[in-house]
Amino acid sequence: MTDRLKGKVAVVTGAAPRGEGVGNGMATALLFAREGARVVLVNRSAERAEKLRKQIVAEGGEAAVFAGDMAKADAAEAMAAFAVKTYGRLDILHNNVGIGAPGTPEAVTLADWNKVLEANLTTTMLCTKYCLPRMKEGGGGSIIMVSSIAGALGLIGSPGAVAYATAKAGLHGFTLSVAADYATQNIRANCIIVGSVHTPMVAHLGAEARERRKNMVPMKAEGTAWDIAHGAVYLASDESRWVTGVMLPIDGGLVALRQWPR
Ligand SMILES: NC(=O)c1ccc[n+]([C@@H]2O[C@H](COP(=O)([O-])OP(=O)(O)OC[C@H]3O[C@@H](n4cnc5c(N)ncnc54)[C@H](O)[C@@H]3O)[C@@H](O)[C@H]2O)c1
């Protein structure tokens, strides 16, 4: 631990992985705590978040669990209030919740479309909406969005995943708007473009699909949730105090191709 986040209070949404292994939210929450932040673990499943809280405490860190659906305004508002009530301030919001669903516009159901937009965009908007006033009270903050190569900068499409690509590209506009609106209040907004990392979210992929994903990447190596978490620590810390409105690909070079690899 080098205390890069000492004294800060961080919220990580979707912190607990949905299965075995280390998810992006989990790795980020663990690294935030290892760097000295007190971390609010937000998840729909209190049980899985509690398991992560125990792990953080066992490592000597500090964390609290808030269980709730961040697509609901009252839950998101209560979450921000809980963070301040528990730890006295709120400095970092890591908007990690996100899900995908397959389908072209012809194939995707309206129910899936709405579910994907809600999980990726509405949760991010609501958590940001209710954390912003708390950050202002504390004199500033850092908000991190979690996008995907599927929506990369609105410059490449994602075959067969129109809802996910649309939602993730939407996060880029959201990031820039928040960065522009809150810069004078010392609140920064940045976005990580997550590449093909191996996490519980993609545990359903077989060995062959996993190998294909790896070979799509210019660096020919598979990413992990820790690669994402290291980037999040930088964006959360004061080391990036002059960085806002940035889309940071952590993807082994995939966005550099400017096309969906075949
Ligand atoms: N794994 C990849 O290859 C990959 C690639 C690109 C982007 N991403 C992005 O990374 C993020 C997720 O990473 P992860 O590994 O932590 O995922 P994860 O699925 O392991 O964890 C996400 C957690 O969020 C919770 N959650 C879902 N909806 C919620 C809601 N409305 N309110 C509160 N909690 C909710 C889920 O229950 C789950 O426990 C997503 O935004 C995803 O789109 C992942």
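Values below: every heavy atom of this structure, side chains too, minus hydrogens, waters and symmetry copies. Order of listing sets the numbers, starting from 1, for every ligand and every atom in it.
Contact analysis puts Arg48 in contact with ligand 1, with a non-hydrogen atom separation below 4.0 angstrom. Note on ligand 1: Met145 sits outside its first shell, no heavy atom being nearer than 4.0 Å. Within the structure, the closest approach of Thr13 to ligand 1 does not fall below 4.0 Å when heavy atoms are considered. For the ligand labelled ligand 1, residue Val97 lies inside the 4.0 Å heavy-atom shell. In this structure, Gly19 has no heavy atom closer than 4.0 Å to ligand 1. Heavy atoms of Ser147 come nearer than 4.0 angstrom to ligand 1 in at least one pair. In this structure, Ala150 has no heavy atom closer than 4.0 Å to ligand 1.
Side-chain contact check for Thr28 and Asn96: no donor-acceptor pair (N or O, by modelled atom type) lies under 3.5 Å.
At a heavy-atom cutoff of 4.0 Å, ligand 1 is contacted by the side chain of Arg213 but not by its backbone. In Ala16, the part holding a heavy atom less than 4.0 Å from any atom of ligand 1 is the backbone. Of the heavy atoms in Asn96, both backbone and side-chain atoms come closer than 4.0 Å to ligand 1. Using a 4.0 Å cut-off between heavy atoms, Ala119 makes no contact with ligand 1 at all. Contact annotation: for Lys168 versus ligand 1, heavy atoms closer than 4.0 Å belong to the side chain alone.
Of the protein's heavy atoms, Asn24 ND2, 3.2 Å lies nearest to atom 13 (O) of ligand 1. Ranking protein heavy atoms by distance to atom 36 (C) of ligand 1, first place goes to Arg44 NH2, 4.4 Å. Of all protein heavy atoms, the one closest to atom 19 (O) of ligand 1 is Arg18 NE, 2.5 Å. Counting only heavy atoms of the protein, atom 8 (N) of ligand 1 lies nearest to Tyr164 OH, 3.6 Å.
Numbered from 1 in the order shown, with element, the atoms of ligand 1 that lie under 4.0 Å from a heavy atom of Gly195 read 3 (O), 5 (C), 6 (C). Of all atoms in ligand 1, listed by their number and element, those nearer than 4.0 Å to a heavy atom of Gly68 are 32 (N), 33 (C). Short contacts between ligand 1 and Gly23, defined as distances under 4.0 Å to a heavy atom of the residue, involve ligand atoms 15 (O), 16 (O).
Between Phe66 and Phe82, the angle of the ring planes lies from 30° to 60°, which puts this pair in the tilted group.
Annotation: Lys85, atom NZ; neighbour count of heavy atoms from other residues, nucleotides and ligands within 6.0 Å does not exceed 12.
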